[in-house]
Visitor: 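Below you will find the structure I want to go over with you.
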There are 2 protein chains.
Amino acid sequence: MPDISQVLSDTFLRTNALDPRESGNKTYSISQLAKEFDITTRAIRFYESEGLLSPEREGRNRLYSQRDHTRLKLILRGKRLGFSLDEIGELFELYDSSSTGELAQLSRVLEKIEERKQILKQQLEDIQLSLHELKEFERQCRQRLRQMRSNH
Amino acid sequence: MPDISQVLSDTFLRTNALDPRESGNKTYSISQLAKEFDITTRAIRFYESEGLLSPEREGRNRLYSQRDHTRLKLILRGKRLGFSLDEIGELFELYDSSSTGELAQLSRVLEKIEERKQILKQQLEDIQLSLHELKEFERQCRQRLRQMRSNH
DNA sequence: ATTGACGTTGACGTTAACGTCAATATAATA
DNA sequence: TATTATATTGACGTTAACGTCAACGTCAAT
């Protein structure tokens, strides 16, 4: 019985992570991640407290796997797209729950996807419209500048 | 000396508004606007307290002109695009200040526009990427559903 | 005369997403 | 051994964007 999460695109989640130290997978400290993504360690810990990350521990210290790295990337992209951390958490749950293979879950996933797509398409329209308007405004600014120069 | 704000696209601001009652321009009450844009009157008053709107008064009551109507539409679009109310206010100020005809202001406007365009283009990329990923995920969900059905 | 719809101005409450300490532990380095 | 760099867990503070009262005015309809 193949697991849906296993066929997900590389850019999405990889579940069934092995122990980071036993396998040859790269790991990260919290400050490494903070530096790479240009955020604070406080933010990273906060995401964990909200259930968006769950790194291993090496003693007291957090040890982040590739999966955590990917998740963090997704969190930040989600934020750029205007999603709240709760919504991002929902999406994670959906991906995870789809791996149980339950049919009812699958159709709920599809619903959520459709919902997101609608929002994204709306935003896309908004952005394209705004880009057009900004370009038009810019054009008129430049034209005005030329007029001012030709009038000495 | 033509005013830049006068050559702005219809979808942007119209300044130099006349008295709403003397001219034949349509006006709105606060609850009319609230209903049309599906927001609360509280929100509209809040936008005013933040300097984003400045409707006339008919006695104590607020009287909104076409210009206010347009501004409100822009506020909401800005919010959908992820801008804060402060940022939206900045944009309004830029449009307004450009009408003074000062050259220095104009180039600052152009800078700001470029800044916004970069952000918007980044968001556009993010959204298009996410739409692709969502479609791919959806495709695999549907494929999985077909498998489950063919296996009885 | 009172009810209801609509408006007003405070003023305090709320949520999200962290920031900003403080106090402490550990490991490597000077 | 002292310093430095890095980590930890609280716990309280902060900002944005309103929500949610409260207390009141005004006008039309019953």
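Letters A, B, ... are given to chains in the order of the sequence lines, protein chains preceding strands, and every chain is numbered from 1.
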Visitor: Identify which nucleotide among dT8(C), dA11(C), dG7(C) has an atom closest to any side-chain atom of Ser31(B), counting heavy atoms from C-beta outward.
Guide: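 Of all the options, the side chain of Ser31(B) is nearest to dG7(C).
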Visitor: Does dA7(D) have OP1 or OP2 sitting under 4.0 Å from an N or O in the side chain of Ser29(A)?
Guide: yes
Visitor: Roughly how many Å is it from CG in Asn61(B) to P in dC6(C), rounded to a whole number?
Guide: 13 Å
Visitor: If I take atom CD in residue Glu87(B) and atom C1' in nucleotide dA16(D), what distance separates them, rounded to the nearest angstrom?
Guide: 12 Å
Visitor: Going by atom types alone, do Gln66(B) and Tyr28(B) pair a side-chain donor with an acceptor below 3.5 Å?
Guide: yes
Visitor: Could you state the CD-C1' distance from Glu48(B) to dT9(C), rounded to the nearest angstrom?
Guide: 12 Å
Visitor: Examine the base of dT8(C) for any acceptor or donor lying under 3.5 Å from a partner atom in the side chain of Arg45(B), and report the outcome as yes or no.
Guide: no
Visitor: Where the side chain of Ile30(B) is defined as all heavy atoms beyond and including C-beta, which of dT8(D), dC18(C), dT8(C) is the nearest nucleotide?
Guide: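 The closest nucleotide is dT8(C).
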Visitor: Ignoring backbone atoms, establish whether Arg62(A) has a side-chain N or O less than 4.0 Å from OP1 or OP2 of dT8(D).
Guide: yes
Visitor: Can you tell me how far P of dA5(C) sits from NZ of Lys35(B), to the nearest Å?
Guide: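 Value for this atom pair: 12 Å.
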Visitor: Looking at Ser65(B), is its backbone amide N or carbonyl O close enough to the side chain of Asp68(B) to form a donor-acceptor pair, meaning the two atoms are under 3.5 Å apart?
Guide: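 Yes.
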Visitor: By nearest atom, which of the nucleotides dC18(D), dG7(C), dA7(D) is closest to the Leu85(B) side chain?
Guide: dC18(D)
Visitor: Does Thr40(A) reach a base, just sugar-phosphate, or nothing at all? Heavy atoms under 4.0 Å.
Guide: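 Sugar-phosphate, backbone atoms only, no base.
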Visitor: In whole Å, I'd like the distance from the OH atom of Tyr64(B) to the P atom of dG7(C).
Guide: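 It is 9 Å, rounded to the nearest whole Å.
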Visitor: Between Arg42(A) and Gln32(A), who's closer to the 5' end of DNA chain D by nearest nucleotide?
Guide: Gln32(A)
Visitor: Just N and O in the side chain of Tyr47(A): are any of them under 4.0 Å from OP1 or OP2 of dC18(C)?
Guide: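 Yes.
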Visitor: Compare the minimum distances between each of dA17(D), dT9(D), dA16(C) and the side chain of Arg57(A), then state the nucleotide with the smallest one.
Guide: dT9(D)
Visitor: Mind listing the closest non-hydrogen atom pair of Ile88(A) and Leu52(A) along with its distance?
Guide: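 Taking Ile88(A) first and Leu52(A) second, the nearest heavy atoms are C-CD2, 4.4 Å.
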Visitor: What class does the angle between the rings of His69(B) and Phe37(B) fall in, given that below 30° is parallel, 30 to 60° is tilted and above 60° is perpendicular?
Guide: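 Tilted, since the angle between the ring planes falls between 30° and 60°.
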Visitor: Answer whether the closest heavy-atom distance between the side chains of Phe92(B) and Ile75(B) falls below 4.5 Å.
Guide: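 They are in side-chain contact.
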Visitor: Once you apply the 3.5 Å cut-off to both distances, tell me the Watson-Crick or G-U wobble partner of dA28(D), or none.
Guide: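 Here dA28(D) is engaged in a pair, and the nucleotide opposite it is dT3(C).
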Visitor: Consider the side chain of Phe46(A), meaning its heavy atoms from C-beta on, and name the nucleotide among dC18(D), dA17(C), dA11(D) that approaches it most closely.
Guide: dA17(C)
Visitor: Give the rounded distance in Å between these two atoms: CG of Leu63(A) and P of dT26(C).
Guide: 18 Å
Visitor: Does Lys79(A) put a side-chain nitrogen or oxygen below 4.0 Å from OP1 or OP2 of dA16(C)?
Guide: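 So the side chain of Lys79(A) is outside the cut-off, no N or O lying under 4.0 Å from OP1 or OP2 of dA16(C).
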Visitor: What is the distance from CD1 of Ile88(A) to P of dC18(C), rounded to the nearest Å?
Guide: 9 Å
Visitor: Do Arg57(A) and Glu48(A) sit within salt-bridge range, that is, some charged N less than 4.0 Å from a carboxylate O?
Guide: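 Yes, this pair counts.
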Visitor: Separation of Glu58(B) atom CD from dC6(C) atom P, in whole Å?
Guide: 16 Å
